[in-house]
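Here is the structure we will look at, set down as structure tokens.
Values below: every heavy atom of this structure, side chains too, minus hydrogens, waters and symmetry copies. To find a chain, count down the sequence lines: A is the first, B the second, and so on, and within it residues start at 1.
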Amino acid sequence: MSDQKRLFLVDAYALIFRGYYAFIKNPRINSKGVDTSAIMGFMNSLLDVIKRERPDHLAVCFDKGGSADRVEMFEAYKANRDETPEAIKIAVPYIQDILKAMHIPIMVKEGFEADDVIGTLSKQAEKEGYKTFMVTPDKDFAQLVSENIFMYRPVFGGGYETWGIPEVQKKFEVKDPLQVIDFLGMMGDSSDNIPGLPGVGEKTAKKLLAEYGSMENLLANTHELKGKMKEKIEGAKELGLLSKKLATIMLDVPVTFHAKDFELDQPNLPKVTEIFQELEFRQLLANFEKTFATETSTETTSTSNKTEIQTTPKETASAGAGQFSLFGGDISTSKETETISEFTRKTVETTSHFYQSVSSGMATKLFIKNLMNQTSVCFDTETTDINPITAQLVGIAFSWEVGKGFYVPFPEHKDEAQALIEQLRPFFENEHIEKIGQNLKYDIKVLAKYNVEVKGKLFDTMLAHYLINPDMRHNMDVLAETYLNYTPISIEELIGKKGKNQLSMREVSLEKQTEYAVEDADVTLQLKEHFEKELGDANTKKLFDDIEIPLLRVLAAMELEGINLDEKFLNSLSAQLENDIKSLETKIYAEAGEEFNIASPKQLGDILFDKLKLVDKPKKTKTGQYATGEDILSYLAKDHDIIQHILDFRGLSKLKSTYVDALPTQVEPSTSRVHTDYMQTVAATGRLSSNNPNLQNIPIRTERGRQVRKAFIPRSKDYILLAADYSQIELRIIAALSKEETMINAFKNGEDIHASTASKVFNVPIGEITREQRSNAKTVNFGIIYGVSAFGLSNQTDLSRSESKELIDTYYLTYPKLRNFINEQIDFARENGYVQTVLGRRRYLNDINSRNAVVRGAAERNAVNAPIQGSAADIIKIAMIHIYEKLQAGNFKTKMLLQVHDELVFDVYKPELETIKTLVKTEMENAYALEVPLDVELGIGNDWLEAH
DNA sequence: CTAACGACATA
DNA sequence: GTATGTCGTTAGC
């Protein structure tokens, strides 16, 4: 490596955005509800760079006020960028504070972009003999690369690549990095809204550049081009020059490179610590300390330094005969043994614990005796499989005191395992011992397969956290890290990455099983203590005890029950679909004049819009492809036969692959039924979700799709399916919550609500409403639930924007209290930071006070929708619990099988039919008393379609 | 092999 | 305009 001094210039926004989107699927929300994804992402990158490269000099560059010059040149410049997400806006001041505390210079110049600042500084530094590395993923910077200026690009999945002259030459197929400007000018850049030359994409730009060398030369020689391209480019010479200017990074920003100021210094650690603690960046802080400690100090305790840490007695032991006293007596565990920095996350290695396996017959007896004396115990099953129906028990861990626990391994032999579980049965079936667990539904299902029922009070930490913070994830590792500052042993550490060589839990040594399993039980127990209090603070203890916990057993039962599927019928349906798809395929190929993959939106877009040119100015997706969504294509359907064929093709393919062909593969061989998995903790509004397979989105709208429902059948000839639907439950809820008498009365009188709305809004007698009027009224009614806008409404109907606005205005005149209700919800959210359902289920809305109108608007729609959707979810959950209890108490053969948000499906034993119909209707309609009656429609049939 | 994306199924 | 889950294709590891 050269001894030349090295300067790193960081493109702040590029890394902030990148960090933000890296967490987009799973945003980092801290306990105060702040989305810290962007800050976290940026700091990770920055530390990473420092750790890897140990720069001598470093600065971070920000944009300020956008580029005045570029906007002057081209008013659309960067105009159609999406609004900056709230998490990024709040990130910037935090990041700047951290940088200040780290003594890292922040470079900003009003009216200039970071690109320009970085460009100017790198050129200055180059003159002073520095090697400069521009830390950014943005390709535009390639134009600045020289012998002493490099791009330092984060690459996906970790790591960095350095682009010098050779890399740029290869990537862009240019001789000189400066030609990157011409390249970008020609092909344009949709994210920066650089228009580029029409009809020129990446491929053509490279070709033209190879031939002409520059934009100017190309434009001077357009006579050599031919065909359409010639016309297009000749007509866009000015646009070409403008595009090149827009793509050029400025090198004359009034900033100066002072080497001394840019030297990388030791940070102000207390200050950084303070900010990180506020943000709850525990791991990052540890990482930070390590990054800056290793070069100056050897005193810092490192987690890898095990000899130092293991001053703690490690007491994973095995209980043979002679150690019985351990079970009853007190084990003194020293609390003062944590030698590590308070900011490093604790692990099983660094925390005093007493985890013991219980194998011998005598030990087991004594252990159980002690177990039965407890009033509250956390347990966790370890199995061979994530599918509880096929899973075999490998062991069960128990813990009732923090830091302590026992592990009972299970023999592989079926009868022996059953014999062991029989010994434990009195514990599980004891009504007076509280059972604590993380995702108890799983454990309950596993134990049910051994014929063991889990009775008594339950506390599920996953459910608890779902109520405390529904927008976060709820897996145990995350919870332990967030609330206990503790990193549990990862399952991957134990059994390896999934795929090829993954072990089964049974292949893991008993010591490791014990450590892992008991740790889980121990951690879960500690989480419970944490969450119990928080449930009280959020006023959701009742929701937890009366709804979610009882529902857990109901769902477990429904999932274990499964539903019968007519596979033969689906197979014949599949053959028919295959036929129809084939013939559509033939037609489409003929109409397109070539064969291509119709299922590829990319290829399809090229055929439709490049080859057939069905539209003058096709819409593009955010990734630059032609948009070929249903909404776009259906506009074109009446003009071109191929479009309808494509839509039909797509519809049938989806049907076949997702339902007709997939469902039979999901039939569980041991039961010959399909068992969906209801997720109780994913939907932020309180709804359930269903997967493997998803039985909540079985088609119903189209004739063809509806056929799939014929495949869901009763368990036998003695049974019949009953479908019970809440009619218009969400509208009834909004009517009741808003106390809008006009709407309440319409429901009380049993009117068709959409017709009734149409009659009032359009001022026509109810008998004279046109189909269209009713349909528009229906759209507005639904729109209200989602938080209407005139824009959205006109997209959904044939109405123009102004007609839509008028309709919405009249609607609010008809139902004035609805508007009040909406405003009240938004006001409540602004004041309290959350909205809630009839049962007090909360949804936190961090963006409700955002200065950004788009972001705030989204939060406002959530503020309206969440209480409605969530209250409906609350109500059907109550009904499910009541119905389940009655079915149990009455010893009915009838089983509840499915829940589809406002519908319940039952497998009814025919002799019980009349009783069940009354029971179900009564329980559903009276689950929760509103000022509006709830109405349930019943349908019966020999398949799910017929039952509707 | 995995992840992102576009498309599309439901309430 | 709300809330989800799954499929095939494609790009990148």
Side-chain angles (χ1 to χ4, degrees), chain A residues 21-22 24-25 155-159 470-471 497-500 596-605 620-634 646-647 649-663 666 676-679 682-702 704-706 708-709 725-726 728-730 734 779-780 782-797 804 808 822 843 854 857-870 872-873 876 898-903:
Chain A
Y21 286 110
I24 192 94
K25 272 274 156 70
V155 290
F156 198 77
D471 281 298
K497 290 217 182 238
K498 74 168 174 183
K500 41 183 172 60
F596 64 102
N597 188 342
I598 310 169
S600 160
K602 186 177 140 73
Q603 295 183 33
L604 177 67
K620 300 236 181 162
T621 67
K622 59 182 166 180
T623 48
Q625 304 293 327
Y626 293 118
T628 63
E630 202 264 343
D631 47 338
I632 309 221
L633 293 194
S634 47
I646 288 164
L647 289 171
F649 173 92
R650 283 217 286 234
L652 297 187
S653 307
K654 174 77 179 176
L655 210 57
K656 185 166 184 292
S657 67
T658 310
Y659 304 103
V660 179
D661 290 348
L663 283 171
Q666 312 253 22
T676 188
D677 191 4
Y678 286 105
M679 304 271 112
V682 300
T685 51
R687 275 190 179 179
L688 299 176
S689 88
S690 149
N691 61 23
N692 296 312
N694 181 354
L695 296 184
Q696 292 183 320
N697 71 346
I698 303 301
I700 193 162
R701 292 196 221 278
T702 65
R704 214 60 203 271
R706 219 171 311 186
V708 177
R709 294 197 171 219
D725 273 66
Y726 277 112
Q728 309 297 354
I729 187 165
E730 294 190 345
I734 200 171
T779 311
V780 188
F782 278 112
I784 294 295
I785 294 168
Y786 300 148
V788 262
S789 73
F791 176 76
L793 186 62
S794 67
N795 272 346
Q796 283 268 306
T797 60
S804 299
I808 293 171
I822 289 170
R843 172 138 194 218
V854 177
E860 287 173 358
R861 289 191 294 276
N862 276 316
V864 179
N865 175 262
I868 311 288
Q869 199 186 108
I876 197 168
L898 305 177
Q899 189 253 43
V900 192
H901 308 309
D902 64 359
E903 171 187 5

Which residues pass the side-chain contact (heavy atoms from CB on, under 4.5 Å) test with A/R843, sequence neighbours left out?
A/D471, A/A684, A/T685, A/V835, A/L845, A/N862, A/A866
Calculate the interatomic distance between A/I646 atom CD1 and B/dA7 atom P; express it in whole Å.
12 Å
Here the pair of heavy atoms bringing A/L688 nearest to A/H901 is O-CE1, 3.5 Å
By nearest atom, which of the nucleotides C/dT4, B/dA9, B/dT10 is closest to the A/R709 side chain?
B/dT10
With a 4.0 Å cut-off on heavy atoms, is A/R706 in touch with a base, just the backbone sugar-phosphate, or nothing at all?
nothing
In whole angstroms, the gap separating C1' of C/dA3 from CG of A/N862 amounts to 9 Å
Per atom distances to the A/K602 side chain, the nearest of B/dG6, C/dG1, C/dT10 is C/dT10
For A/E860, all residues meeting side-chain contact (heavy atoms from CB on, under 4.5 Å), sequence neighbours excluded:
A/I826, A/R830, A/I848, A/R856
Checking contacts here: which listed nucleotide (C/dA3, B/dA11, C/dG1) is nearest the side-chain heavy atoms of A/Q796?
C/dG1
Ranking B/dA7, B/dA11, C/dT9 by distance to the side chain of A/T628, first place goes to B/dA7
Are A/T628 and A/R650 close enough that some pair of their side-chain heavy atoms sits under 4.5 Å apart?
yes
Do A/T779 and A/T797 have a side chain donor and acceptor closer than 3.5 Å?
no
Indicate, with a heavy-atom threshold strictly under 4.0 Å, whether A/R701 touches base, sugar-phosphate, or nothing.
base
Separation of atom CD in A/E860 from atom C1' in C/dT2, rounded to whole Å
15 Å
Let me know the distance between CZ of A/F782 and C1' of C/dG1, rounded to the nearest Å.
13 Å
Taking the side chain of A/P601 as heavy atoms from C-beta outward, which of B/dA7, B/dT10, C/dA3 is closest to it?
B/dA7
Given B/dG6, is OP1 or OP2 found less than 4.0 Å from the side-chain N or O atoms of A/R650?
no
Taking atom types as they are modelled, is there a donor-acceptor pair under 3.5 Å from the base of C/dT6 to the side chain of A/K654?
yes
Between C1' on C/dG5 and CE on A/M679, what's the gap in Å once rounded to a whole number?
11 Å
Contact class for A/A872 vs. all strands (heavy atom < 4.0 Å): base, sugar-phosphate, or nothing?
nothing
Which whole-number value in Å describes the distance from A/L652 CG to C/dG8 P?
15 Å
Strictly distance-based, threshold 3.5 Å: is any side-chain N or O of A/E630 a donor or acceptor partner for the main-chain N or O of A/L647?
no
Do any of residues 686-696 of chain A sit with a heavy atom less than 4.0 Å from DNA chain C, and if so which?
A/R687, A/S689, A/S690, A/N691, A/N692, A/N694
Considering only heavy side-chain atoms of A/E630, the closest of B/dC8, C/dT10, C/dA3 is B/dC8
Testing B/dA11, C/dG5, C/dT2 for proximity to the side chain of A/N697, the answer is C/dG5
With heavy atoms under 4.0 Å as the rule, sort A/G787 into base, sugar-phosphate or nothing.
base
Using a 4.0 Å heavy-atom cut-off across all strands, classify A/V864 as base, sugar-phosphate, or nothing.
nothing
Give one of base, sugar-phosphate or nothing for A/Q603, where a contact means two heavy atoms less than 4.0 Å apart.
sugar-phosphate
Which pairs, with at least one residue in residues 786-795 of chain A and sequence neighbours excluded, count as a salt bridge (charged side-chain N to carboxylate O under 4.0 Å, His left out)?
none
Think A/S600 has a side-chain N or O under 4.0 angstrom from the OP1 or OP2 of C/dT10?
yes
Pick base, sugar-phosphate or nothing for A/I700, based on heavy-atom distances below 4.0 Å to the nucleic acid.
sugar-phosphate
Rounded distance in Å - CG (A/L663) to C1' (B/dA9):
12 Å
A/S657: side-chain contact (heavy atoms from CB on, under 4.5 Å) partners, not counting sequence neighbours
none
Sequence neighbours excluded, which residues qualify as side-chain contact (heavy atoms from CB on, under 4.5 Å) partners of A/T658?
A/K654
Quick one: A/N597 CG to B/dG6 C1', roughly how many Å, whole number?
13 Å
